[in-house]
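Proteins come first, then strands; the chains are lettered A, B, ... in the order of their sequence lines, and each starts at number 1.
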Protein chains: 2
Amino acid sequence: MGIKDVAQQAGVSVGTVSNVINRPETVARATRERVQEVIARLGYVRSESARQLRAGASRIMGLLVLDMGNPFFVDVARGAERTARAAGLGVMVCNSDSSPDEEAEYLSMFVEQRVRGVLVTPADATGRDLSLLRRHQIPYVVVDAVVEDGDGRGACSVSVDDVIGGEMAVAHLIDQGHRSIAFVSGLGHDRPQIRDRWAGACRAVAAAGLPPETMREISTDRLDVSPGADAVASLLGLRKRPTAVFCANDMLALGVLQALFAVGIKVPEEIALVGYDDIEFAAAAAVPLTSVRQPAVEMGRLAAEMLVRETMAEEDAEEHVHEQIVLQPELAVRESSRRRLAP
Amino acid sequence: MGIKDVAQQAGVSVGTVSNVINRPETVARATRERVQEVIARLGYVRSESARQLRAGASRIMGLLVLDMGNPFFVDVARGAERTARAAGLGVMVCNSDSSPDEEAEYLSMFVEQRVRGVLVTPADATGRDLSLLRRHQIPYVVVDAVVEDGDGRGACSVSVDDVIGGEMAVAHLIDQGHRSIAFVSGLGHDRPQIRDRWAGACRAVAAAGLPPETMREISTDRLDVSPGADAVASLLGLRKRPTAVFCANDMLALGVLQALFAVGIKVPEEIALVGYDDIEFAAAAAVPLTSVRQPAVEMGRLAAEMLVRETMAEEDAEEHVHEQIVLQPELAVRESSRRRLAP
DNA sequence: ATCTCCGGATGAAACATTTCAAAGAGCGAC
DNA sequence: GTCGCTCTTTGAAATGTTTCATCCGGAGAT
């Protein structure tokens with residue numbers, strides 16, 4: 001069941017069979033057709049392991065995301081996959097679940113596999129895990145975060161400006177007349193994304209000439225639906241209940257929406273709500289959710305493209321300059337934050 | 001950067017290094033520690049390609065799902081992954097997007113990779129694509145479908161009884177007093193799952209002694225949110241508007257819910273709604289969705305376990321008997337289908 | 001002193017490919 | 001007839017592991 005069997009059956013050498021597969025134009029038509037016929041008859045499929053052993057690197061790209069349960073990352077994966085496959089690469093999608101340990105384990109698996117390159121949304125903000133990749137000269141592109149330029153060498157990255165995103169969201173709420181806004185976040189600012197969104201929110205408040213106390217923060221432990229629902233209790237416990245809520249992502253926002261609905265608080269009449277990521281389910285919520293859209297598919301696509309480019313450059317021993325792409329978010333205004341009547 | 005370098009640096013043979021890695025107990029402590037130190041110092045990571053070339057099969061399990069955008073499959077993946085990793089296997093998750101062509105392509109990629117086994121939710125009901133796996137003696141487990149026993153050899157499978165699921169949903173609606181129910185489905189019954197759910201629905205109607213016209217069907221082209229929303233137009237166009245809607249999956253149901261909301265029809269007061277899969281977003285909808293729960297994570301886990309078992313059996317040249325596990329769904333009753341007042 | 005055993009280390013074969021220098025076969029030109 | 005050229009094909013080396021039969025050195029038994 002190897003190339004040897006094919007060669008034997010077709011009465012040619014293994015080299016010729018290899019040529020038929022990889023450079024068909026170099027082999028005479030009669031031979032080529034005979035070999036192809038045998039391949040088809042035997043159902044021969046070449047062994048990637050042998051191939052990549054010889055080549056030194058596989059034809060697979062690793063993709064490590066923070067949370068496959070979040071449709072945002074599913075979209076990133078979709079974009080990346082499409083591009084990778086167009087370039088003849090397979091994609092291995094893995095889920096670190098925001099855990100640096102899992103992240104380290106997966107990255108080391110990628111190294112074992114000698115993947116061609118890695119797209120990663122880092123769980124470990126220090127970038128320590130990434131040094132493993134650098135050590136083995138595996139190109140990588142950071143997605144949805146900018147590299148902390150640890151040792152001056154840097155890497156490519158694709159991200160969305162989270163400060164502006166946060167600013168847009170809160171500016172919109174202020175514009176709608178809100179003067180007391182809660183920020184439902186998660187993970188206590190470990191994640192740069194969350195930190196930036198908060199910073200943007202504060203900037204919007206300052207820009208409007210409002211006092212900093214306008215924004216108050218409610219923290220959760222995970223960026224998921226149920227913590228969002230739980231956060232509503234704290235929200236309602238605040239003295240001077242906020243009239244608007246800005247959530248660090250849509251999963252949280254959906255949780256908040258559900259819990260508000262459950263206690264009979266009307267959205268947007270009593271409390272306005274803005275999420276982040278603009279996942280499909282946000283628009284599909286019974287009160288369609290205003291949300292900061294991130295071009296997720298596009299990010300995946302761009303990141304994969306950059307990675308492919310870097311890979312190529314490496315092969316041709318060309319110089320590759322790392323690039324940091326920062327995309328702009330946009331606000332998708334929907335029902336959940338429509339203008340509230342003057343108080 | 002190979003095992004050879006390690007051997008040289010440590011002043012031992014390559015065989016010994018290999019032993020340190022794979023059977024540490026067989027090598028003397030002093031040697032072992034010396035080698036380990038060198039491995040750490042050099043940052044050596046063994047090459048999976050070489051390893052699997054020798055072994056004949058990789059340590060990766062392929063998982064091919066119909067739609068990564070559907071959280072149901074994400075859960076399946078989660079369950080499978082956890083189990084696989086516990087067994088020392090990596091998982092390569094791929095997305096056929098319900099296309100038989102993509103499916104064929106991915107399966108052939110799996111064969112190229114000499115994957116240890118495959119978990120697959122078939123897009124091609126004929127099972128033709130699966131013959132490739134059989135031909136190459138790659139064990140596979142069918143997830144969320146029962147194998148059409150094409151050539152008598154069969155395969156393991158894990159599925160949920162969709163007939164019972166459909167029956168539960170509709171029986172519940174009938175029980176709540178509904179006498180005119182729409183089934184929003186997709187893909188014109190190509191998918192066995194959908195066909196079964198419809199069959200179950202009809203069975204419930206018959207069991208209640210109601211005429212078959214009680215159920216009417218509205219077909220969409222995809223099992224996704226926006227087709228669900230679009231279906232509402234047809235729904236409202238029906239003469240004698242149904243008082244309840246049963247959707248073939250939750251994505252559709254969320255779309256329906258949103259569209260009903262948009263035209264001001266109250267759920268469940270005017271129209272009751274039941275979905276299928278019980279994805280997290282169903283419970284989180286502003287009107288929490290009644291849904292038929294499928295144990296997705298469990299399915300993934302079971303399937304991966306079966307695959308690992310089959311793999312083991314193959315290695316030990318033991319006999320393996322294929323097993324068909326059929327799980328039971330359960331109905332999660334929520335707000336969207338609460339008892340309607342007598343007409 | 002010799003024999004036996006045993007833990008530990010070794011070296012080479014095998015795995016399935018790709019690549020590349022070299023060989024071979026025609027063939028036209030001299 | 002031989003040289004040079006092109007178009008095909010070939011055979012062998014190289015890739016990084018694992019495995020296994022073999023070998024070695026020393027300890028204990030006779």
Straight-line distance of Met306(A) CE to His322(A) NE2, nearest 0.5 Å = 9.5 Å
Considering residues at least two apart in sequence or located in another chain, which fulfil the salt bridge (Lys or Arg N to Asp or Glu O under 4.0 Å) criterion with Arg82(A)?
-> none
Checking all strands, does Arg23(B) fall into the base, sugar-phosphate, or nothing category for heavy-atom contacts under 4.0 angstrom?
-> sugar-phosphate
Provide, to the nearest angstrom, the distance between the CD atom belonging to Glu25(B) and the P atom belonging to dG7(C).
-> 13 Å
What salt bridge (Lys or Arg N to Asp or Glu O under 4.0 Å) pairs are there with at least one residue in residues 17-42 of chain A, not counting sequence neighbours?
-> Glu37(A)-Arg41(A)
Among dT17(D), dT18(D), dT19(C), find the nucleotide with the atom closest to the side chain of Ser47(B).
-> dT17(D)
Taken to the nearest 0.5 Å, the spacing of Asp124(B) CG from Glu102(B) CD works out to 13.5 Å
List in chain and number order the residues that pass salt bridge (Lys or Arg N to Asp or Glu O under 4.0 Å) with Glu323(B), two or more places apart in sequence or in another chain; answer none if no residue qualifies.
-> Arg309(B)
Thr16(A) and Ser13(A): side chain donor to acceptor below 3.5 Å | yes
Distance col, row Leu223(A):CG vs Leu66(A):CG, nearest 0.5 angstrom, shows 9.0 Å
Sort me out a list of protein N/O and nucleotides 24-26 of chain C N/O pairs below 3.5 Å, or just none if empty.
none

Take Arg191(A) and Ser98(A) through the test side-chain hydrogen bond (donor to acceptor under 3.5 Å, both in side chains) and record every step on the way to the result.
-> CA-CA 10 Å; Arg191(A) 280 273 187 93; Ser98(A) 295; 2.7 Å; yes
Once you round it to whole Å, what is the distance between P of dT17(C) and CD of Gln8(A)?
-> 14 Å
Counting only non-hydrogen atoms, which of residues 104-118 of chain A are less than 4.0 Å from DNA chain D?
-> none
Mind running a 4.0 Å heavy-atom check of residues 51-60 of chain A against DNA chain C and sending the residues that fall below it, in number order?
-> Arg51(A), Arg54(A)
What does the list of N/O pairs under 3.5 Å between the protein and nucleotides 9-12 of chain D look like, with a distance for each?
{"residue": "dT9(D)", "atom": "OP1", "partner": "Thr31(A)", "partner atom": "OG1", "Å": "2.3"}
{"residue": "dT9(D)", "atom": "OP2", "partner": "Ala28(A)", "partner atom": "N", "Å": "3.1"}
{"residue": "dT10(D)", "atom": "OP2", "partner": "Ser13(A)", "partner atom": "N", "Å": "2.9"}
{"residue": "dT10(D)", "atom": "OP2", "partner": "Ser13(A)", "partner atom": "OG", "Å": "3.2"}
{"residue": "dT10(D)", "atom": "OP2", "partner": "Thr16(A)", "partner atom": "OG1", "Å": "2.7"}

With respect to Ser159(B), which candidate in Val142(B), Leu327(B), Ile325(B), Val146(B) satisfies the side chain to side chain contact (heavy atoms under 4.5 Å, CB included) definition?
-> Val146(B)
Taking atom C1' of dA9(C) as reference, at what distance in whole Å does atom CG of Asn22(B) sit?
-> 16 Å
Using distance only, find each side-chain donor-acceptor pair of residues 108-119 of chain A under 3.5 Å and give its atom names and separation, not counting sequence neighbours.
{"residue": "Arg114(A)", "atom": "NH1", "partner": "Val111(A)", "partner atom": "O", "Å": "2.9"}
{"residue": "Arg114(A)", "atom": "NH1", "partner": "Val45(B)", "partner atom": "O", "Å": "3.3"}
{"residue": "Arg114(A)", "atom": "NH1", "partner": "Arg46(B)", "partner atom": "O", "Å": "3.4"}
{"residue": "Arg114(A)", "atom": "NH2", "partner": "Val45(B)", "partner atom": "O", "Å": "2.8"}
{"residue": "Arg116(A)", "atom": "NH1", "partner": "Ser58(A)", "partner atom": "O", "Å": "3.0"}
{"residue": "Arg116(A)", "atom": "NH2", "partner": "Glu315(A)", "partner atom": "OE2", "Å": "2.5"}

Face-on cation placement of Arg85(B) at Tyr106(A) ring, 6.0 Å and 45° thresholds = yes
If a pair satisfies side-chain hydrogen bond (donor to acceptor under 3.5 Å, both in side chains) and one of its residues is in residues 61-70 of chain A, list it, with sequence neighbours excluded.
-> none
Those residues that, when tested against Asp5(A), pass salt bridge (Lys or Arg N to Asp or Glu O under 4.0 Å) (two or more places apart) | none
Can you list the residues that meet the salt bridge (Lys or Arg N to Asp or Glu O under 4.0 Å) rule with Arg59(B), with sequence neighbours excluded?
-> none
Output yes when Arg78(B) and Glu81(B) qualify as a salt bridge under the 4.0 Å nitrogen-oxygen rule, no when they do not.
-> no
Which dot-bracket string fits DNA chain C when only Watson-Crick or G-U wobble pairs with both atom distances under 3.5 Å count, crossing pairs get [ ], and | stands for a partner on a different strand?
-> ||||||||||||||||||||||||||||||
Once you round it to whole Å, what is the distance between P of dA16(C) and CD of Glu48(B)?
-> 17 Å
Mind checking the CD-CD1 spacing from Gln36(B) to Ile21(B)? Nearest 0.5 Å is all I need.
-> 9.5 Å
